[in-house]
Colleague: 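Here it is: the structure, laid out below.
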Amino acid sequence: MPYTTILTDLADGVFTLTFNRPEVLNAFNDQQAEEVQEALKKAERDDAARCLVLTGAGKGFCAGQDLGALKGRSDSVSFREHLGHTYNPIISKLRSVEKPVIGQINGAAAGAGLGLALACDLRYAASGAKFRMAFSGIGLAPDSGTSFFLPRLIGYARAYELAITNNPITSEQALAWGMVNAVFPAEELAAATRELAVKLAQLPTKAFGLTKRAMNKAYQLTLDEALDYEAHLQEIAGHTADYTEGVGAFLEKRSPKFIGK
Ligand code: LHQ
């Protein structure tokens with residue numbers, strides 16, 4: 001079935017997923033949540049997709065839940081179930097897919113849309129984009145991983161303040177606080193992200209996946225456990241074709257050709 005709420009593209013090793021409901025700043029309805037889950041599974045399975053980019057069509061990245069789509073349903077909908085079927089599996093997949101995921105934050109990221117942005121491995125943002133927790137604005141508490149990611153990225157006091165004041169912050173502030181990796185003029189964002197993504201897709205992406213696994217896991221480990229887990233993953237990395245190629249190329253003083261295996 002063709003997608004109706006997202007666009008996908010695979011070229012040069014880069015799988016790009018674009019949220020495509022620009023009239024509501026790409027706020028999610030159920031169909032969009034389903035399509036994003038399906039597309040991410042496809043990207044995960046496809047060896048040709050070695051780096052993922054997540055972005056939004058039009059002037060927003062993603063405004064979170066489409067509040068119009070929820071209207072009139074609140075009596076009958078369990079939010080716990082809703083989250084369990086929509087954002088939670090997407091956030092989990094973004095963290096578990098063993099390929100680098102770049103958030104190309106072209107415009108507002110709010111509510112669950114902020115969660116999606118923060119679940120990416122790297123974020124390049126447009127100058128002019130804004131980041132807003134949004135939940136308290138409608139009387140809710142954080143969801144979609146925002147309570148997990150935000151304090152880790154910017155510290156508890158700033159994260160809690162953003163949650164309860166619902167103040168938006170600019171890309172420049174997000175950069176100063178370590179929430180995004182770089183900020184570009186809006187018209188340069190897509191090219192800058194593409195350049196990074198294509199470059200990453202030609203590098204040892206299997207090792208990048210293991211790097212992600214190690215860093216995800218390290219949150220829950222003691223130092224000794226982390227050392228042991230690193231050794232376990234290095235055993236895997238040491239048996240890849242990319243390791244053989246990397247060492248061979250170094251010794252032969254040539255550029256390595258990595259295949260992600
Ligand atoms: C929207 C939305 C939107 C519909 C802008 N829906 N139309 C899920 C389910 C169950 C339980 C709990 O949690 C969740 C997860 C969540 O995500 S809850 C949080 C939901 N999101 C929000 O509350 C964000 C609301 N939006 C905003 O704060 C602002 O619109 C942001 C900061 C995103 C952007 O501000 P501006 O750039 O000033 O744009 P705008 O406000 O003018 O919006 C542009 C249009 O988009 C406008 O429509 P219109 O027809 O007037 O042009 C908005 O109504 C529409 N829109 N967000 N979530």
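First listed ligand is number 1; within each ligand, the first listed atom is number 1.
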Colleague: Give a yes/no verdict on a cation-pi contact between R158 and Y160, requiring under 6.0 Å between NZ or CZ and the six-membered ring centre and an angle within 45° of the axis.
Modeller: no
Colleague: Going by a strict under-4.0 Å cutoff (protein heavy atoms only), does atom 21 (N) of ligand 1 have a neighbour on the protein?
Modeller: yes
Colleague: Can we say K99 and E44 salt-bridge, meaning some charged N sits less than 4.0 Å from an Asp/Glu carboxylate O?
Modeller: no
Colleague: Closer than 4.0 Å to some heavy atom of A134 - which atoms of ligand 1 meet that?
Modeller: 22 (C), 23 (O), 24 (C)
Colleague: Identify, by atom number and element, the atoms of ligand 1 in contact range of F135, meaning under 4.0 Å from any of its heavy atoms.
Modeller: 15 (C), 16 (C), 18 (S)
Colleague: Within 4.0 Å of atom 36 (P) of ligand 1 (strictly less), any protein heavy atom?
Modeller: yes
Colleague: Atom SG of C62 and atom CZ of F28: how far apart are they, to the nearest 0.5 Å?
Modeller: 5.0 Å
Colleague: Determine whether R123 and N181 satisfy the following criterion, side chain to side chain donor-acceptor pair (under 3.5 Å), listing intermediate values before the conclusion.
Modeller: CA-CA 5 Å; R123 278 160 293 285; N181 296 76; 5.0 Å; no
Colleague: Kindly give the heavy-atom pair with the smallest separation between A33 and I90, and that separation in Å.
Modeller: O-CD1, 3.7 Å
Colleague: Would a 4.0 Å cut-off, counted as strictly less than, catch a protein heavy atom around atom 24 (C) of ligand 1?
Modeller: yes
Colleague: Report the part of A110 in contact with ligand 1, treating N, CA, C, O as backbone and CB onward as side chain, heavy atoms under 4.0 Å; options are side chain, backbone, both, neither.
Modeller: side chain
Colleague: Please identify which atoms of ligand 1 are closer than 4.0 Å to at least one heavy atom of Y87.
Modeller: 8 (C)
Colleague: What part of A112, side chain, backbone, both or neither, has a heavy atom within less than 4.0 angstrom of ligand 1?
Modeller: both
Colleague: Taking only heavy atoms of G64, which atoms of ligand 1 are found under 4.0 Å from at least one of them?
Modeller: 17 (O)
Colleague: For R132, counting its heavy atoms only, list the atoms of ligand 1 lying under 4.0 Å from any of them.
Modeller: 28 (O), 32 (C)
Colleague: Counting only heavy atoms on the protein side, is anything nearer than 4.0 Å to atom 17 (O) of ligand 1?
Modeller: yes
Colleague: Using a 4.0 Å heavy-atom cut-off, which part of V77 comes near ligand 1: side chain, backbone, both, or neither?
Modeller: neither
Colleague: Determine the sole option in E34, Q31, E35, Q32 for which the side chain to side chain donor-acceptor pair (under 3.5 Å) test with T5 is passed.
Modeller: E35
Colleague: With heavy atoms of A27 as the reference, note each atom of ligand 1 found under 4.0 Å away.
Modeller: 3 (C), 6 (N), 58 (N)
Colleague: Is K212 salt-bridged to D121, cutoff N-O under 4.0 Å?
Modeller: yes
Colleague: Could you give the distance from CD1 (I91) to OG1 (T146), rounded to the nearest 0.5 Å?
Modeller: 8.5 Å
Colleague: When you look at K257 and E245, which way does the salt bridge (charged side-chain N to carboxylate O under 4.0 Å, His left out) test go after all the steps?
Modeller: CA-CA 7 Å; K257 277 208 172 77; E245 169 65 6; over 6 Å; no
Colleague: Does the protein come close to atom 41 (O) of ligand 1 - that is, does one of its heavy atoms sit below 4.0 Å from that atom?
Modeller: no
Colleague: Any protein heavy atom lying closer than 4.0 Å to atom 6 (N) of ligand 1?
Modeller: yes
Colleague: Would you say ligand 1 has an N or O under 3.5 Å from any N or O of Q65?
Modeller: yes
Colleague: Using distance alone, determine whether A63 and ligand 1 share an N or O pair under 3.5 Å.
Modeller: yes
Colleague: Measure the distances from the heavy atoms of F28 to every atom of ligand 1 and state whether one is below 4.0 angstrom.
Modeller: no
Colleague: How far does CG of L10 sit from CZ of R50, to the nearest 0.5 angstrom?
Modeller: 12.0 Å
Colleague: Under 4.0 Å from atom 52 (O) of ligand 1, is there any protein heavy atom?
Modeller: no
Colleague: Any idea which of L114, D143, L67, I138 brings a heavy atom closest to atom 12 (C) of ligand 1?
Modeller: D143
Colleague: I need the contact type for D66 against ligand 1. Using non-hydrogen atoms and a strict under-4.0 Å cut-off, is it side chain, backbone, both or neither?
Modeller: both
Colleague: Just jot down the ligand 1 atoms closer than 4.0 angstrom to any heavy atom of H82, in number order.
Modeller: 9 (C), 10 (C)
Colleague: Please round to the nearest 0.5 Å and tell me the distance separating atom CG of L40 and atom CG of L54.
Modeller: 7.0 Å
Colleague: For side-chain contact (heavy atoms from CB on, under 4.5 Å), just list the numbers for L122 and L196, CA-CA rounded to whole Å, side-chain angles, deciding distance to a tenth of an Å, and then say yes or no.
Modeller: CA-CA 10 Å; L122 306 169; L196 173 69; 3.9 Å; yes
Colleague: To the nearest 0.5 Å, tell me how far D9 CG sits from T18 OG1.
Modeller: 8.0 Å
